[in-house]
Amino acid sequence: MRIGIIDADLLSNTNHRFPNLACMKISGFYKSARNTVDLLLSWEDIKLYDKVFVSKVFTANVVPDEVLNNPLVEYGGTGFFFDEAPPLPPDIEHTMPDYHLYDEWVHQQIQKGIKGADLRYYTDYSIGFTTRGCFRKCSYCVNRNKEKVELASPITEFFDPSRKAICLLDDQFFGYPKYEEILDELQSIGKPFQYKQGLDIRMMTSKLAKKLSGCKYDGDYIFAFDDIIDSPLIEEKLSLWREHTSKKTKLYVLVGYNEVGVSSRSFWVNDLAHAFKRIFTLAEYDCYAYVVRHEDYLKSPFVQIYNLLASWTNQPWALHTMSFRQFCIGKGMVNLYTRYKHDPDRYLKDGHSKKSPWLTMELFLEQYPKMSKWFDMKFGEKVIDSVPN
């Protein structure tokens, strides 16, 4: 048969830079049975194939109805079914991923001028889950119906020795009782590895901190700080972590999630204030925040503030060198920022206008002046008082 595979996130989002593991496993399974398998880069190509599989991770990315209603198409993934996504059949789930599925697409991206480093997850990494599931039951998470963490697969099932590093997608690795055995196996393989989804810093112990910090780790250590309520525990564990390592560490910071469903302006201002407090709390431990915007933020009257916050925070050089106010002013100068970055008053005296980021920031502070405290803080300054209402 001719099998077509569509990574719907890839077609929907040109900035998407991570391969779909389900797509690679489906491809690996059908190629091993001597079928012809192609990654499709257009919805129109479906008619040329005997069977087409469509997978997506993100719910916001849209797949045309005519594709989903096509009898030749089978689709799945958290992007379609969120927490109720059916698993892959066992014989596909436990197949070696086809790490060459994206080769043609990668070649096209390089021809367009995309740097190889930005495509490294397609070319350099073995990717898989060592464990699956979680016990936290966070309402915003695809694992909210799960009860525990279970072993998913042996590392050998997805490890390609020709690849430079290993990327693990586990959601709650520290919740697996025998996680130390997995860390030991990863160390014995000798390849750099990373847990990309954000490890649970709340479960950190001195023994774990020593072991993890001593691993042949790839890139930044990544944890998560999703709720301001966890601040005391997060700070306790970060202090413990810093006793063992000074290596670069960042934490995912969830913003814009509206669990209560009441979309008042005060709710969104408070959410932003909580975000700033978490960002600067992390900075006290020389850790960087990576702001993750839940899709609920699009219902906020402050969408541009959220976008600017993510842009500022998720570029460590910007977070480290300027306040949020300075960042917004700089963005508001557009292509003249380099010339006027140290003198915004001169920028205005020379007849240039304030562009949207600058104006949006000023309008927001006119309405909520108590937030000025956060807009003017610098990386490393101590958070000394409460979050403004």
Side-chain angles (χ1 to χ4, degrees), residues 9 12-16 56-62 78-79 82-83 136 138-142 144 198 224-231 234 250-283 288-315 318-319 322-332 334 354-377 383 385-389:
D9 299 306
S12 302
N13 182 355
T14 56
N15 292 321
H16 188 63
K56 70 170 180 170
V57 175
F58 302 106
T59 56
N61 291 332
V62 177
T78 55
F82 198 62
D83 57 318
R136 295 285 187 188
C138 299
S139 58
Y140 51 79
C141 181
V142 297
R144 61 190 179 188
F225 188 1
D226 291 328
D227 196 326
I228 194 72
I229 293 174
D230 292 326
S231 288
I234 296 288
K250 70 181 178 184
L251 286 85
Y252 292 136
V253 170
L254 179 69
V255 302
Y257 176 56
N258 189 355
E259 182 178 11
V260 297
V262 179
S263 191
S264 65
R265 294 177 75 87
S266 61
F267 169 85
W268 296 110
V269 173
N270 204 46
D271 184 64
L272 286 164
H274 287 167
F276 277 103
K277 183 173 184 181
R278 283 179 284 160
I279 290 165
F280 287 114
T281 296
L282 294 177
Y288 289 86
Y290 187 94
V291 166
V292 178
R293 289 158 288 177
H294 189 276
E295 60 185 23
D296 284 354
Y297 95 98
L298 294 171
K299 304 171 187 175
S300 164
F302 311 121
V303 169
Q304 192 171 7
I305 294 292
Y306 277 103
N307 289 338
L308 287 166
L309 179 67
S311 180
W312 170 61
T313 308
N314 298 355
Q315 301 178 85
L319 176 62
M322 65 184 76
S323 68
F324 183 61
R325 184 194 296 269
Q326 290 171 324
F327 180 78
C328 293
I329 290 172
K331 293 283 283 186
V334 195
K354 300 176 181 179
K355 300 301 188 289
S356 178
W358 193 340
L359 292 171
T360 299
M361 178 268 296
E362 289 188 333
L363 178 62
F364 181 85
L365 290 180
E366 285 176 12
Q367 299 174 50
Y368 307 100
K370 289 184 179 180
M371 290 290 288
S372 293
K373 160 194 159 179
W374 299 114
F375 281 45
D376 290 325
M377 278 190 73
V383 179
D385 50 5
S386 61
V387 177
N389 295 320

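These numbers come from a predicted model, not from an experiment.
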Exercise for review: Mind telling me whether Phe327 and Phe324 have parallel, tilted or perpendicular rings, with 30° and 60° as the class edges?
Suggested key: parallel
Point to revise | Full working for side-chain contact (heavy atoms from CB on, under 4.5 Å) between Asp227 and His274 | key: CA-CA 8 Å; Asp227 196 326; His274 287 167; over 6 Å; no
Exercise for review: Kindly indicate whether the side chain of Ile228, heavy atoms from C-beta on, has any atom under 4.5 Å from the side chain of Ser231.
Suggested key: yes
**Study point:** Arg144 side chain vs Ser139 backbone, donor-acceptor pair below 3.5 Å
**Key:** yes
Check your understanding: When rounded to the nearest 0.5 angstrom, what is the spacing between CD1 in Ile234 and OG1 in Thr281?
Key -> 10.0 Å
Check your understanding: Heavy-atom distance under 4.5 Å between the side chains of Val383 and Trp374, does that happen here?
Key -> yes
Exercise for review: Without swapping roles, check the side chain of Arg278 against the backbone of Phe225 for a donor-acceptor pair under 3.5 Å.
Suggested key: yes
Point to revise | Nearest heavy-atom neighbours spanning Thr78 and Val57 | key: OG1-O, 2.9 Å
**Study point:** Whether over 12 other heavy atoms sit under 6.0 Å from Phe302 CZ
**Key:** yes
**Study point:** Evaluation steps, side-chain contact (heavy atoms from CB on, under 4.5 Å), between Arg325 and Leu365
**Key:** CA-CA 10 Å; Arg325 184 194 296 269; Leu365 290 180; 3.6 Å; yes
Review point. Side-chain contact, heavy-atom cut-off 4.5 Å: Leu272 with Leu309?
Key: yes
Review point. Within a strict 4.5 Å, meaning less than it, do heavy atoms of the Phe276 and Met371 side chains meet?
Key: yes
Review point. Under 3.5 Å, side chain of Asp9 to main-chain N/O of Asn61, donor-acceptor pair present?
Key: no
Review point. How many angstroms lie between CD in Gln326 and CG in Asp376, if you round to the nearest 0.5 Å?
Key: 8.0 Å
Review point. Does the side chain of Phe82 come within less than 4.5 Å of Thr59's, by heavy atoms?
Key: yes
Check your understanding: What residues, two or more places apart in sequence or in another chain, satisfy ring pair (Phe, Tyr, Trp, His ring centres under 6.0 Å) together with Tyr257?
Key -> Tyr140, His294
Practice item. To the nearest 0.5 Å, tell me how far Cys328 SG sits from Lys354 NZ. Key: 12.5 Å
**Study point:** Residue pair Phe58 / Glu295, side-chain heavy-atom distance below 4.5 Å
**Key:** no
Revision key, fill the gap. Correct closest heavy-atom pair for Val253 and Ala289 would be CG2-CB, 3.7 Å
Check your understanding: Looking only at atom types and distance, does a side-chain atom of Asn258 sit under 3.5 Å from a main-chain N or O of Asp296, one as donor and one as acceptor?
Key -> no
**Study point:** Note, Leu254 side chain near Tyr252 side chain (heavy atom, < 4.5 Å)
**Key:** no
Check your understanding: So with a 6.0 Å cut-off around NZ of Lys331, is the heavy-atom count from everything else above 12?
Key -> no
Review point. What is the distance from atom CD1 of Ile329 to atom OG of Ser323, rounded to the nearest 0.5 Å?
Key: 7.5 Å
Exercise for review: Kindly indicate, with the supporting measurements, whether the criterion side chain to side chain donor-acceptor pair (under 3.5 Å) is fulfilled by Asp271 and Tyr306.
Suggested key: CA-CA 10 Å; Asp271 184 64; Tyr306 277 103; 2.6 Å; yes
Revision key, fill the gap. Rounding to 0.5 Å, atoms CD (Glu366) and CE (Met361) come to a distance of 10.0 Å
Review point. Nearest 0.5 Å, what's the NZ-CG distance between Lys250 and Leu319?
Key: 12.0 Å
Study note, to complete from the structure: Phe267 meets the ring pair (Phe, Tyr, Trp, His ring centres under 6.0 Å) criterion, sequence neighbours left out, with none
Check your understanding: Does the Trp312 side chain pair with the main chain of Met322, one donor and one acceptor, at a distance under 3.5 Å?
Key -> yes
Exercise for review: With the side chain counted from C-beta on, respond yes when Arg136 and Cys141 share a heavy-atom pair under 4.5 Å apart, and no when they do not.
Suggested key: no
